[in-house]
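Take a look at the structure set out below.
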Amino acid sequence: MGYQPHSLHIQGNILAPAIELIGITKRFPGVLANDNVNLTVEEGEIHAVCGENGAGKSTLMKILYGMQAADEGTMNLFGEEHTFHSPNEAIEAGIGMVHQHFMLANQLTVIENVILGAEPVKKGGLVDFDSASDHLEEVGKAYGLTVDPYDLVESLEVGERQRVEIIKVLFRGAKILIFDEPTAVLVPQEVEELFRNMRELKANGATIIFIDHKLEEVLEIADTITVLRQGKTVATVKPSEVSATDLAELMVGSELPKPQLSDTEASETVGIKLENITVLAEDERPIVDDVSLEIRKGEILGIAGVEGNGQNELVGAILGTQKISTGTIYLKGDDISNTSVRSRRENGLGYIPQDRQEEGLLLTAPLWENAALGHQTLKPFSGGWKQWFIDRRGSRAQTERIRHEFDVRTPNVEVAAHALSGGNQQKLIVGREMVSEPSVLVASHPTRGIDVGAQASVWDQIRQARSQGLATLLISADLDELIGLSDVIVVMFRGRIVAELDPSEITPRSLGAYMTGATAGENSG
Amino acid sequence: MSEASMIGLLTAAVSFGALLYLAALGELISEKAGILNLGVEGMMAMGAVTGFMVALETENAWLALIVAMLVGALFALIHGLFTVVLGAEQVVSGLSLTILGLGLAAFVGKNAVGRPPGAVLAPVDWGGLSDIPWVGPILFSQSPIVYFAIFCGVVTSFVLTRTSTGLALRGAGESASTVDASGHSVVQLRLGAVAMGGALAGAAGAYLTLCLTPQWTEGVTAGRGWIAVALVIFGAWRPGRCAIGALLFGGLLALKTRLQTFGVDLSPILLSMIPYVLTIGVLIVISIRARNRPSSSPAALGQAYRREER
C-alpha cells in the first residue's frame, strides 16, 4: 500500500498490519543474530515465529520489546514507525512480553509482581493495593485467568506462574502479546490450558506472536507461521498449506533425518558388563537393585524408564561418582568397580551428561578449556611433566577439530561456552567425547532440549560411533529416539530391570506401559 | 544485680542497639536492592571521623551529623559505581571499601586524636516522662539519634512494603531483569539504596563520636560494622526483626563494660571478646535452624545486572 493522503490517514492505520518489521539486523560480537529480517503480523491473529535454537527468534522479539536495539531496520506498529529504547516505551505502545524464563520475583506476591512498574498510586505516594487487586480480578475474569493475588509466586506451579506473566502483560493494557517459547516449561495438560487462554485472548481482539520450535504445537495454534533460519526469514506460510515435516525442513534447510539404525553390527566382544549392581540411597534402600547387563561392541543398549527409577544412579555407578554396595563392573574385561572416575575415563569411558550446563560445561570458560574437560590428562590436551601441564596449543587445535567435524557453530574457540546455543553446546560435548575415541559411551538424554538440526547431528554421531564398534548405553525420555537408535531396550522400574525388549517389535505406547510398571515382569529374563 | 545496674544495662543496650540498628538498616536497604555492601565498617569510620571533625570546627552537632551522613552516602557510592554501574564483584569491592575507609579515616583524623569534642548530641528532654520508673531512664533519656534510628526503622519498613519505590527496590533484589522489564531503572534503584545505606552507616559512625564515646581514636568503630552486617542476616532482612536483634546485640556490647562491676573477675581483653564470640554463636545457631527452611535472603543478592547479556 502506498502513502495515503492525509484525510485517509486514520483509515490507513486501520488497514495497516499490527506489526511490520522491515530489514531488522542485529549483530553481537562474532554473531549475526538477525540478518535483514522481515516480519508482518496482522491484527488479531496468532502468528508463530519458529526456527532452530540460535536462529534469532529471541533476539528479534527482544528488539520488538525494546530490550535490545536493532542495528538496522525499521519497525511499524499499526502503520506508525516506532523506535523503542526501553521496554517501557514498548509497553506504552501496547506491546507485552510473556518471557520464556519468567520475569517474576519469587518472594513477592502475585499482585506485587503484577503491578511492578505499573503501580496504581493513591494520595501520598502509597501503592493502592485495593484498586490493583480489583483491576487484576477484572482482567482475570475477562480472559478466564485466575490466580490468588496474595499468594507468593514461590508457591505457584509453573503453569500458574505463566498465567501471572500473562496477567501482568494484560494488566498494562497490551494489545500485542509476545509469547517467547511458552510451552517449553509446561507439561501437556498445561499446554492445552495455555492454548485455550491464547484463543480466548485472540477472541478478545489481541494480536499474538508466538515463538516455538515444537512443530505440532505451532500447526495447532497458529494462523500464520514465519520461519527463521540462521538469522534470516526463509518463509511465511499458513498452517493449512504445510506439514510438520515441511516446516522442519524449512527450519533446518535440508531434508529431515530420522532416528533409524542399519542392521546389527554388534561384535562378540563385550564393551562393558555389569554384574548384580546394587546402589543404596541415603536411607539404605536400594535405588539400583541387582542390575546386570552387558553391552557388546557396536551395540546400543537403551534404557527406558520414568525419571527417578534409578537411571541416574546407574550412570553414576558406571562413571564412578556413585558408590556401589555390591556387584562388579567390567570395562573391556577389566574389573573397574573400585577404580577412580579418572582412571575409568582414561581407559576409554565416554560420557554425555544429562544436564550439559550443570555437569558438562564450565559456562564461563572458553570452548577449548571445555573441550579438555574429562580428557585433561590425555593428549593432546595435556603434555609435559606427568600430564601435569595443559597443552594449550594442542587443546586449541583439538577444539578446532571438534568444531569442524561436529559442526559447532561458533565464531572461534575462545568464546565462553554460555555464548553458544544449547544445540551447539551439546555438539561440543558430543564431539569432545567422540574424538577421544572411547570404547564405551554413556549417553544420558543426549538430545534433550536441543533443536531438530542439532538432534539429527547427534543421532548421526551415535550411529557412526556404533558402526565403528562403540558400546553405547543410551538413556532417553524421548521414546522415539530410544526405539529408533537402540539395538536392545531394557526398562528400569524402581531400580530393577523389569523387561528386555526388541525395539523392532514395540511402539512408544507399549513401551510406556512397561515404564509405569503396568506390564512389569512379563517379558523379563 | 541491683535494680540500678539492671536499668543501667538496659539503657546502654538501647544506646548501643540504636548504633547497630542504624548501620544494619542501611545494610538491609542495600541488600534488599540486591547489593551486598561489606564496607559498613569503613563507611562507619568515615562518618565517625567527619562527624567529629565538623563538630570540632563548627561546634554544631547537628551539622556534624548531616555532613557525616552525606560523606557516608558519597563513600558508599564508590561501591555503587563499581558494583552497580561497572558490575564488579560485590564482596571484593565491599571489603576494599572497609579497608579504604578505616585507613582514610585514620589519616584524616590524625590531628583530632585525643581532643575533646567540639559538640555532643545531648539527650532529649522528655520532661516528666523520664521520671517513670524503668521506662523513663531506658527509653526517655536517650540521645536524639536513638529516636532517629527508631524513626528510620518505621519509615524503612513502611516504604519497602507500601510504596511503589519500595516494591521496585525489593524487586531489584529478587530479580533485576524483572524490574528492568517492568520499566523501573535497576541502576537508579540500586544506587539509591547503596547511598541510603552509606548515609545510615555514616549516621551510626557520627553517633559514636558525637555521643556514645565522644572522642576520635583510630579504630573507634571496633568491628561494629561487621555486627551490623550479621544483624541483617539475623533479622532475616526484616526491619522489625533487625530491631530485636539490635537490642540483643546492643545488650551484649553493653554487658562487656559492666561485667567487671558485677564482680566477674576476668581479663578485660577476654571480656571485650564476649560480644563478638556471642555474635558468632548466635549466627551459627540461626543458620543451623534455618537450614531446612527456604532462605529469606533476596534472590539476586550479590549478582550484578547487565542488560545486554544474552
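Chain naming here is simple, since letters A, B, ... match the order of the sequence lines and numbering starts at 1 in each. On a predicted model such as this, the values are computed, not experimentally measured, just so you know.
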Atom [atom1] of residue position [X] - does it have more than 12 heavy atoms of other residues, nucleotides or ligands inside 6.0 Å?
X	atom1	answer
Tyr150(A)	OH	yes
Glu157(A)	CD	no
Met196(B)	CE	no
Phe82(B)	CZ	no
Glu72(A)	CD	yes

(request) Let me know if Leu126(A) has heavy atoms under 4.5 Å from chain B in its side chain, its backbone, both or neither. (result) both
(message) What part of Leu116(A) gets within 4.5 angstrom of chain B, counting heavy atoms only: side chain, backbone, both, or neither?
(response) both
(message) I need the minimum non-hydrogen distance between Ser175(B) and Ala105(A), along with the two atoms involved.
(response) CB-CA, 4.2 Å
Atom [atom1] of [X] and atom [atom2] of [Y]: how far apart are they, to the nearest 0.5 Å?
X	Y	atom1	atom2	result
Asp180(B)	Met67(A)	CG	CE	6.5 Å
Leu167(B)	Thr109(A)	CG	OG1	8.0 Å
Ser164(B)	Asp128(A)	OG	CG	11.5 Å

(message) I'd like to verify something: which residue of Ile115(A), Leu104(A), Asn113(A) has the highest number of heavy-atom pairs under 4.5 Å with chain B?
(response) Leu104(A)
(message) For Ala168(B), which atoms come within 4.5 Å of any heavy atom of chain A: side chain, backbone, both, or neither?
(response) both
(request) Assess whether side-chain contact (heavy atoms from CB on, under 4.5 Å) is satisfied between Glu174(B) and Glu112(A), documenting all intermediate values. (result) CA-CA 12 Å; Glu174(B) 291 292 334; Glu112(A) 285 177 331; over 6 Å; no
(request) Output the option from Thr178(B), Val159(B), Thr165(B) having the highest count of non-hydrogen pairs under 4.5 Å with chain A. (result) Thr178(B)
